[in-house]
Amino acid sequence: MSQTEHIKIKLTRMICTCCKIFVVLPPEIIPFKRYVLAYILDVIRLICACSPYYVEQQLAVSIAVVRYWQKQYRAWHQVITETNDLLELTEANETAIAYNERRLLRRLIQIISAWTQPFQALI
């Protein structure tokens, strides 16, 4: 017989200007992890120079996330970033601004979240 544990969590609700209500979840129960653009660009730079397995070992990010970012980069961003040497820029903000000037309708690496390991096992 399994036991169920009940816990209480305080949630914050926010009303948007569009009149929709959103719930802000505490980081401990969010089923995904957010990554900042600078980190994703570091991963992309390493993928271009090394294998995805090396990136996984060096940066402690799962191979599934590395391959997903690699696929997104190749499909949407590789041509523009390589022809304009955008990965050579050191600041993530500079890279994003330069990218946006060349491709107005898409942002650089829009995918900034990935499922975390504990929640992947549940699905």
Side-chain angles (χ1 to χ4, degrees):
M1 182 179 203
S2 65
Q3 294 181 342
T4 303
E5 183 179 339
H6 295 276
I7 59 172
K8 289 186 178 186
I9 301 172
K10 277 190 170 182
L11 298 177
T12 303
R13 293 183 186 197
M14 301 177 79
I15 299 176
C16 181
T17 56
C18 67
C19 296
K20 290 185 180 181
I21 297 175
F22 295 93
V23 176
V24 179
L25 298 174
E28 297 81 27
I29 64 170
I30 295 177
F32 55 87
K33 181 177 181 181
R34 295 217 178 256
Y35 295 92
V36 295
L37 180 60
Y39 185 78
I40 295 173
L41 290 175
D42 288 344
V43 169
I44 297 298
R45 286 182 189 108
L46 269 178
I47 289 172
C48 292
C50 308
S51 75
Y53 295 105
Y54 177 80
V55 175
E56 176 189 32
Q57 291 174 348
Q58 293 299 310
L59 300 179
V61 61
S62 78
I63 192 70
V65 172
V66 171
R67 288 191 183 276
Y68 180 70
W69 288 343
Q70 182 181 32
K71 181 180 173 184
Q72 292 295 315
Y73 173 73
R74 285 182 178 164
W76 299 105
H77 310 292
Q78 186 172 14
V79 172
I80 292 175
T81 55
E82 289 182 1
T83 56
N84 295 288
D85 294 324
L86 298 182
L87 289 181
E88 303 300 320
L89 300 173
T90 55
E91 294 294 321
N93 289 343
E94 289 177 20
T95 307
I97 290 168
Y99 182 91
N100 294 343
E101 289 172 353
R102 287 157 179 82
R103 192 165 186 192
L104 300 176
L105 298 178
R106 179 171 278 281
R107 299 290 178 247
L108 178 62
I109 311 291
Q110 290 180 339
I111 310 303
I112 62 166
S113 61
W115 292 101
T116 57
Q117 292 296 88
F119 288 94
Q120 284 179 348
L122 297 174
I123 298 174

How long is the span from the [atom1] atom in [X] to the [atom2] atom in [Y], to the nearest 0.5 Å?
X	Y	atom1	atom2	value
Leu86	Gln78	CG	CD	12.5 Å
Phe22	Leu11	CZ	CG	15.0 Å
Gln58	Leu46	CD	CG	7.5 Å
Gln72	Arg67	CD	CZ	14.5 Å
Leu37	Thr95	CG	OG1	7.0 Å
Ile80	Asp85	CD1	CG	13.5 Å

Checklist outcome for this item: Minimal heavy-atom distance between Leu59 and Tyr39, with the atoms involved, is O-OH, 3.0 Å
Checklist entry - Which heavy atom in Arg45 sits nearest to a heavy atom in Leu89, and how many Å separate them? => result NH2-O, 2.9 Å
Checklist entry - Is the side chain of Arg103 donor-acceptor paired with the backbone N or O of Trp76 at a distance under 3.5 Å, no angle test? => result yes
Checklist entry - In terms of heavy-atom contacts, does OH of Tyr54 have more than 12 from other residues, nucleotides or ligands at under 6.0 Å? => result no
Next on the checklist: With a sphere of 6.0 Å drawn around CD1 of Ile15, does it hold more than 12 non-hydrogen atoms of other residues, nucleotides or ligands?
Outcome noted: no
Checklist entry - Is there a side-chain contact between Gln70 and Arg74, using heavy atoms and a 4.5 Å cut-off? => result yes
Item to check | Close side-chain approach of Tyr73 to Ile47, heavy-atom, < 4.5 Å | outcome: no
Checklist entry - Taking a hydrophobic cluster as the set of Ile, Leu, Val, Met, Phe, Trp and Tyr residues connected by side-chain heavy atoms closer than 4.5 Å, whether directly or through intermediates, do Ile97 and Tyr99 fall within one such cluster? => result no
